[in-house]
Peer 1: 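Sharing a structure below in structure tokens format, with a few things to ask.
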Amino acid sequence: MLFALAPLQTNGEEFGMSPTLILVSTVIFLIISVVIGYWVYKDASKRDNNEVLWAIGTAGLTFFTFIFGLVALIAYFIIRGDETPDEPPEAAGGGDW
């Protein structure tokens, strides 16, 4: 526990991390997690899954713990259902008059 807060107290200089490197890596992880969350949201909405829960969960896990975010993304691929059509088949065919 003694060294747990050391990077915050020394600005990361003792560990070879500059504040600029920390900021850039945080922004990169934020962009990656937002892109993954957006893609999961769009894909889950096509498949009638709970798109908000999957998107927030996957994006949050990816940002805070990248490994668990990848596990959540793989779990989504395994659990997701078949794609549902945007329109009912009878409406797409022109219908009967």
Side-chain angles (χ1 to χ4, degrees):
M1 182 68 180
L2 180 62
F3 295 109
L5 299 177
L8 297 175
Q9 294 170 352
T10 62
N11 290 332
E13 294 169 0
E14 291 183 12
F15 297 99
M17 297 182 298
S18 68
T20 306
L21 178 64
I22 293 172
L23 179 65
V24 168
S25 62
T26 302
V27 169
I28 288 173
F29 275 116
L30 181 64
I31 291 170
I32 289 171
S33 63
V34 166
V35 168
I36 288 175
Y38 179 75
W39 182 84
V40 168
Y41 178 82
K42 295 301 278 185
D43 189 67
S45 64
K46 288 185 220 173
R47 299 173 190 280
D48 289 337
N49 289 336
N50 191 349
E51 59 266 6
V52 175
L53 181 66
W54 275 109
I56 291 174
T58 307
L61 282 173
T62 303
F63 180 71
F64 291 114
T65 58
F66 189 73
I67 298 298
F68 291 134
L70 292 180
V71 170
L73 189 60
I74 291 169
Y76 173 73
F77 278 126
I78 292 171
I79 294 174
R80 72 180 185 172
D82 295 331
E83 187 170 349
T84 57
D86 291 337
E87 298 178 5
E90 54 273 351
D96 294 327
W97 293 80

Peer 1: Which atom pair, heavy atoms only, marks the closest approach of L61 to A72?
Peer 2: CD1-CB, 3.9 Å
Peer 1: Under 4.5 Å side-chain heavy-atom separation, chaining through any Ile, Leu, Val, Met, Phe, Trp or Tyr, what else clusters with L53? Say none if it is isolated.
Peer 2: none
Peer 1: Going by the rule side-chain contact (heavy atoms from CB on, under 4.5 Å), which residues pair with Y41 if we only count those two or more places apart in sequence or in a different chain?
Peer 2: E51, V52, A55
Peer 1: With clusters built from Ile, Leu, Val, Met, Phe, Trp and Tyr whose side-chain heavy atoms come within less than 4.5 Å, directly or transitively, what are the remaining members of the cluster of F77, listed by chain and number?
Peer 2: V24, I28, F29, L30, I32, V34, I36, W39, V40, W54, F63, F64, F66, L70, L73, Y76, I79
Peer 1: Compare every heavy atom of R80 with every heavy atom of D43, then report the nearest pair and how far apart it is.
Peer 2: OD2-NH1, 2.8 Å
